[in-house]
Every structure is written in structure tokens, then in C-alpha cells.
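The structure displayed is predicted, hence computed values, not measured ones.
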Amino acid sequence: MSILIPTLPASDQLHRDALTVLQPGFVGTEPPEWVRRHLAAGLGSVALFDRNVTDLDQLAALTKALREENPDLLIAIDEESGDVTRLEAGSGSSWPGNFALGAIDDPALTRDVARELGRALAAAGVNYNWAPTADVNSNPRNPVIGVRSFGADPELCARHTAAWVEGLQSAGVAACSKHFPGHGDTAVDSHHGLPVIDVDLDVLRARDLIPFEAAIAAGTKAVMTAHIMIPALDPELPATLSPRVLRDLLRAAPADGGLGYEGLIVSDAIEMGAIADTFGMGEGTVLALAAGADAICVGGGLADEETVLMLRDAIVAGVQSGRLPEERLADAASRVRALGSWGRIAAQGERLEPDLAVGLRAARRALRVVRAPGREVLPVTERPYVASFSDEPNIAVGDVTPWGVAGMLADRFPGTRTREVGPQDAAPEQLDELVAGVLAGAEGRRLVLVVRDAHRHAWMAAALSRLVAARPDAAVVEMGLPQSEPVGALHIATHGAARVCGLAAVEVLTGQSGAIG
């Protein structure tokens, strides 16, 4: 006897498709009632952040509960490893980030790191990762990409983007290469405003598009758009909302000047200032879907039912008004469901425990250690003084994840003194007092100065210069982009602030690695 599956009325199907294309977040370590209800009504994805994760066992229980309403659910997470971690936000990542892997330039190792990270995600029931960052960090003063990129060389970024995609997807987790068509040449954080990249198409093709072409060739299951304006492509609309960028460049066949991408296109978070403050979230959602996006990311900041209902209703109104063709929405929803089916099938494969040792081995290889010529450097063998300098972190990184080496050294050497320094402590009129205070606190102790992107912050560079001049025996640990000339008797560049990068630096500082001999 055959079973007849009733067809939903057009209006119900429209609402279901509108829910399917949303990728919202929520608050809590268990599924809220409203999330369960919308999953049953057609919601095709949910997004997880550090607020949803306490440990891997809890995360596995959460993902299992979410799938009770939709076995084909896409469960997304923003887990880049390195500085941007949601799995290990409370402790720091077990895997170095992109910039460290690019500094090593061993694609096989990059593939291994991404595979082991993928195994950890898959074991916890996550089947979709908003990573890797494929952007070429061509502007060293970029406030939002930086160490999230593999580097400034397009070909290097391309080979490591491809390796990362291959490694992650070999573990059954869909990769999402971002931020198309390239967020590396920006001086504005799109969380706060709309960056403009004023380059011609030849530069874009020779620089920014190369890693995305490699990601597509490697089979990336998804591509995330950038909230950036590139007048050479579209002088009126940012990439996320632009048919010229999404349809004519990303989707179009190579013969027609496009990249020929056939997978899922997802927007960056629609509540980011670049869209919300210029077009509005609802309008931006409709324009993005009409332009060719298949899914709308939301919930990093706004993680409530009201936001989901507002966006769903905006999509429905867009279809009913004719601004968003119904067949375009149906196509987008079908792409989301297809990737969800892939994720369910991939989850049926063999699950292997991640090899955490891979991350530390990679972090060790990423270190660059420079000593002043002719100057003997002795390891730290007793309680040092550690001053850590950091500006306000960008929103993608967040402010909950610990970084640096102060805690690690304090664990090894009880009695270690530590001090955190921010821009409010180092205004020009306060610099003398700051330097004097650090030097007084460090009297009779080894001085360790930990910085993050010193080249981007004049206050940090000024304090560092003064302190190293006064204490040439100081050790400097740079955990951001090492753009400045090395200073001091010992300069350690970790190429990122992951926990394992800090561990590798501590091994050098304490003489465990032999790198300072």
C-alpha cells in the first residue's frame, strides 16, 4: 500500500522555504522551545557559537536534540581554529590558525590540521563549518582579517585554502570558504561599517579571487559572501546583495567570465553594520536572496525568535510583492536541503577521535625565533614579570578567549607577576608612568613582553620600544602579524594567538625546545 504525502498549500510552502534559508543562532546549551518549533516548520540550519558550548559531550547532546526535529539539519559553527574558536573559547584553540599554517607553508600539514579539527566537530555532531578564511590579507593594517588569513600571497592562500577544505570535508564536515570576493584589502571592519575596495577587475582576479578558485576546485560545499563594496564589480550594491558579484561572477560559467560555482552561497551575518545600518536586515535579506545567495546567516548578535520571524516575514513579503521570485527562493531552499542531506549521509561514515598532538606540532613549526647578534640568551628558569599588550579585539575573535603566555608561565613558576596593558593605559601623557611601572615591577626578574599586532597600534609600539631600550634582556612574544623589525634580545613570532601557539612560545622561553641555545 502506498503512502500519500500531502502537498503543502502554496502559502505554507512559501513560509517553509523562507525558514529553510535562514541560519539563525540561539542562546543556551539546550534547544529553546522556539527553535524546536521552527525546525518542525522547516528551519534548515542553526548556528552555534561559544555561548552554546561548554564541552564536547554537551555539544554532542545539543546537536542530537536539534536533529530530533530535522535529521537533515545543517548545524553550523564559526570554528576557524587559531584566534577564532567556538569549541574552545574558554581555553584557546588546540589548533593553530591560518596565518601560522601559511607561515609553515606545508599544505599536507594544513590538510592534517583541518582533518583533525573536522573529526572533533563531527564527533560533536556539527556538520557545517563557516571556515576557512580564504581572504588574501594584502592590507597588513586590516582590522578584521589579519591572522585569520593564510597570508598576503595569493598562491600561498590558494594552496592552503584548498588543503583546508579537503581536510575538513574528509571528516564529513562541509567547508564554507569566506569572504567572497575577498575581504583582505580593507581598512574598515564590516561588523561596524561598509568597507570599499577600490581596485580594478584585473587586480581582483590576480589577487583576491585565486584562493576562491582553488576552494571551488577542491569542492568546497559552501562559499560565504563579504559585506564589502567593490565599485569595479558593482558601484551600487555590496557583494552580498549584488547580482553582478553572486550571479555574474561566482555562479556564471568560466566561459562567461565567472567561477562556475555550483554549491551553496551563504551571506555573512546579515545583522552586521555593513548591511543592517545601510539597507536594513529585512531588506538586505531579500536583496541577498534575489541576487543569488541561498542562505542567510544571522544570530551572532541577534539570537532570538523575533529576529527569525522578522526575516521570515520579510522574505515572504518579498515573494508576494514580486521583488524576490518564488522560484529563486525555492531553488535556494533546495540547495540548503541538499547540503543537509549530504551532511546526514556523511555522518554515517566512520568517526575517528581527533589527534590533538597535530596542533601542537604545527604550532612549534610556525614559530620564528630571532636573537640579537652576539648576545647570549638565557632561558626563563624562575618567576618572570609578564606584561601583555592588547587593543580591543575584533568581533570575530571576541573577548572571551584567553590568549598570551602569562598564565602558562605562572603555572610553571609560582610567583610570576603579570600585568595587562590596554590603550587606556598608554596614552602619550601616561607613557612615562606605564614604562616606569613595568620596569619597577620587573626589577630583578626576566621581563617578557607579549604583544598582538604591535604594528597596527602606535601606543603599543611606543611602549614596546621604550621598554626594550631600558631592558635589552627582555623577551618579546608577538602573537599577531609580525610586521615590525624584531627588537630585543629574543623575539618570538607565533603567527597567531591560539593556545597551542602560546605553548610553543613558552617552550622556547623556558629552553625546552632548544631554539634559544
Side-chain angles (χ1 to χ4, degrees), residues 79-84 93 95-119 129-140 142 145-171 173-185 199 202-224 226 249-250 254 258-263 355 358-359 361-368 481-483 493-496 498 500-501:
E79 179 58 54
E80 298 178 12
S81 71
D83 290 36
V84 180
S93 181
W95 295 274
N98 284 6
F99 194 62
L101 295 171
I104 301 165
D105 197 13
D106 180 352
L109 179 62
T110 295
R111 192 175 297 108
D112 289 345
V113 168
R115 182 191 64 237
E116 299 310 316
L117 173 62
R119 286 175 175 172
N129 189 8
W130 287 326
T133 297
D135 304 310
V136 179
N137 196 58
S138 53
N139 183 349
N142 193 312
I145 302 301
V147 296
R148 300 168 65 197
S149 166
F150 289 109
D153 177 75
E155 295 295 341
L156 178 143
C157 291
R159 57 181 172 266
H160 288 279
T161 295
W164 216 96
V165 167
E166 292 165 357
L168 185 74
Q169 293 188 169
S170 73
V173 178
C176 181
S177 302
K178 60 188 183 185
H179 308 80
F180 186 83
H183 208 311
D185 190 15
V199 298
D202 288 341
V203 171
L204 195 72
R205 288 192 180 277
R207 183 185 67 186
D208 301 277
L209 296 186
I210 289 178
F212 291 97
E213 292 173 333
I216 292 168
T220 187
K221 295 295 182 181
V223 168
M224 178 178 283
L249 181 59
L250 183 54
L259 274 62
Y261 179 61
E262 298 179 355
D355 180 2
V358 169
R361 289 199 299 269
R364 288 167 175 157
R365 290 181 59 186
L367 293 180
R368 187 183 73 189
L481 290 177
Q483 293 292 309
T494 63
H495 299 94
V500 287
C501 295

*Asks:* Quick check against the 3.5 Å criterion: does His495 have a side-chain atom that pairs as donor or acceptor with the backbone of Phe99?
*Replies:*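 Not at all, since once roles are kept as given, no pair shorter than 3.5 Å links the two residues.
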
*Asks:* How long is the span from the CG atom in Leu156 to the CG atom in Asn98, to the nearest 0.5 Å?
*Replies:*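 If we round to the nearest 0.5 Å, Leu156:CG and Asn98:CG are 10.0 Å apart.
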
*Asks:* Would you compute the distance between atom CG of Leu481 and atom CD1 of Ile145 and round it to the nearest 0.5 angstrom?
*Replies:*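 Spacing of CG (Leu481) from CD1 (Ile145) equals 11.0 Å.
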
*Asks:* Could you tell me whether Arg115 and Asp355 have a side-chain N and a carboxylate O separated by less than 4.0 Å?
*Replies:*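 Salt bridge between Arg115 and Asp355, a charged N being under 4.0 Å from a carboxylate O: no.
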
*Asks:* State, with a plain yes or no, whether a side-chain heavy atom of Trp164 is found less than 4.5 Å away from one of Leu117.
*Replies:*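 Contact flag for Trp164/Leu117 side chains = yes.
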
*Asks:* Indicate whether any N or O donor in one side chain lies under 3.5 Å from an N or O acceptor in the other, for Asp135 and His179.
*Replies:*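 On atom types as modelled, these side chains qualify, holding a pair under 3.5 Å.
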
*Asks:* Run the numbers on Lys178 and Glu80 for side chain to side chain contact (heavy atoms under 4.5 Å, CB included), then give the verdict.
*Replies:* CA-CA 11 Å; Lys178 60 188 183 185; Glu80 298 178 12; 2.8 Å; yes

*Asks:* If every non-hydrogen atom of Pro154 is compared with every non-hydrogen atom of Pro211, which pair is closest and at what distance?
*Replies:*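 Of all heavy-atom pairs spanning Pro154 and Pro211, the closest is O-CG, 3.9 Å.
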
*Asks:* Among pairs that include at least one residue of residues 96-107, which meet salt bridge (Lys or Arg N to Asp or Glu O under 4.0 Å), considering only residues two or more places apart or in two chains?
*Replies:*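 Sorted result for residues 96-107: Asp105-Arg159, Asp106-Arg365.
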
*Asks:* Taking all atoms of both residues into account, what is the closest heavy-atom pair of Pro482 and Ala493, and its distance?
*Replies:*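 Where Pro482 meets Ala493 most closely, the heavy atoms are CB-CB, 3.8 Å.
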
*Asks:* Using a strict threshold of under 4.0 Å (side-chain N to carboxylate O), is an ion pair present between Glu262 and Lys221?
*Replies:*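 No.
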
*Asks:* For residues Leu249 and Arg205, determine if any side-chain heavy atom of one lies less than 4.5 Å from a side-chain heavy atom of the other.
*Replies:*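 Of all side-chain heavy-atom pairs linking Arg205 with Leu249, at least one is under 4.5 Å.
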
*Asks:* Would you confirm whether Glu79, through its side chain, and Trp130, through its main-chain N or O, come within 3.5 Å as a donor-acceptor pair?
*Replies:*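 No, because the side chain of Glu79 does not come within donor-acceptor range (under 3.5 Å) of the backbone of Trp130.
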
*Asks:* Rounded to the nearest 0.5 Å, what separates atom CZ in Arg207 from atom CG in Asp153?
*Replies:*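 The CZ atom of Arg207 sits 12.0 Å away from the CG atom of Asp153.
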
*Asks:* Tell me the closest heavy-atom pair linking Arg148 and Val84, and the distance in Å.
*Replies:*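 Shortest heavy-atom separation between Arg148 and Val84 comes out as NE-CG2, 3.8 Å.
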
*Asks:* Are Ser149 and Thr133 linked by a side-chain donor-acceptor pair shorter than 3.5 Å?
*Replies:*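 Side-chain D/A pair, Ser149 to Thr133: absent.
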
*Asks:* Keeping Tyr261 on the side-chain end and Glu213 on the backbone end, is there a donor-acceptor pair under 3.5 Å?
*Replies:*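 Such a contact is absent between Tyr261 side chain and Glu213 backbone.
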
*Asks:* Is a donor on one side and an acceptor on the other found under 3.5 Å between the side chain of Asn142 and the backbone of Gly184?
*Replies:*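 Pair found, side chain donor or acceptor close to backbone of Gly184.
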
*Asks:* Would you name the heavy atoms of Val173 and Gly118 that are closest together and state the gap between them?
*Replies:*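 It is CG2-O, 3.6 Å.
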
*Asks:* Stepwise, does the side chain to side chain contact (heavy atoms under 4.5 Å, CB included) test hold for Thr161 with Phe150?
*Replies:* CA-CA 8 Å; Thr161 295; Phe150 289 109; 3.6 Å; yes

*Asks:* Minimum heavy-atom separation for Ala103 and Ala366, please, with both atom names.
*Replies:*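 Taking every non-hydrogen atom into account, CB-O, 4.5 Å.
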
*Asks:* Apply ring pair (Phe, Tyr, Trp, His ring centres under 6.0 Å) to Phe212 and list each qualifying residue two or more places apart in sequence or on a separate chain.
*Replies:*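 By the ring pair (Phe, Tyr, Trp, His ring centres under 6.0 Å) rule, Phe212 matches Phe180.
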
*Asks:* So how far is it from Thr220 OG1 to Gln169 CD, rounded to the nearest 0.5 Å?
*Replies:*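 One gets 5.5 Å once the value is rounded to the nearest 0.5 Å.
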
*Asks:* If we ignore hydrogens and angles and just use 3.5 Å, is the side chain of Ser138 paired with the main-chain N or O of Ala152 as donor and acceptor?
*Replies:*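 Here the side-chain-to-backbone pair does not exist.
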
*Asks:* List the atom of Gly260, the atom of Pro254, and the distance in Å for their closest heavy-atom pair.
*Replies:*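 Taking Gly260 first and Pro254 second, the nearest heavy atoms are CA-CD, 4.0 Å.
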
*Asks:* Starting at OG of Ser177, measure out to CD1 of Ile216 and round the result to the nearest 0.5 Å.
*Replies:*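 Here the rounded value is 8.0 Å.
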
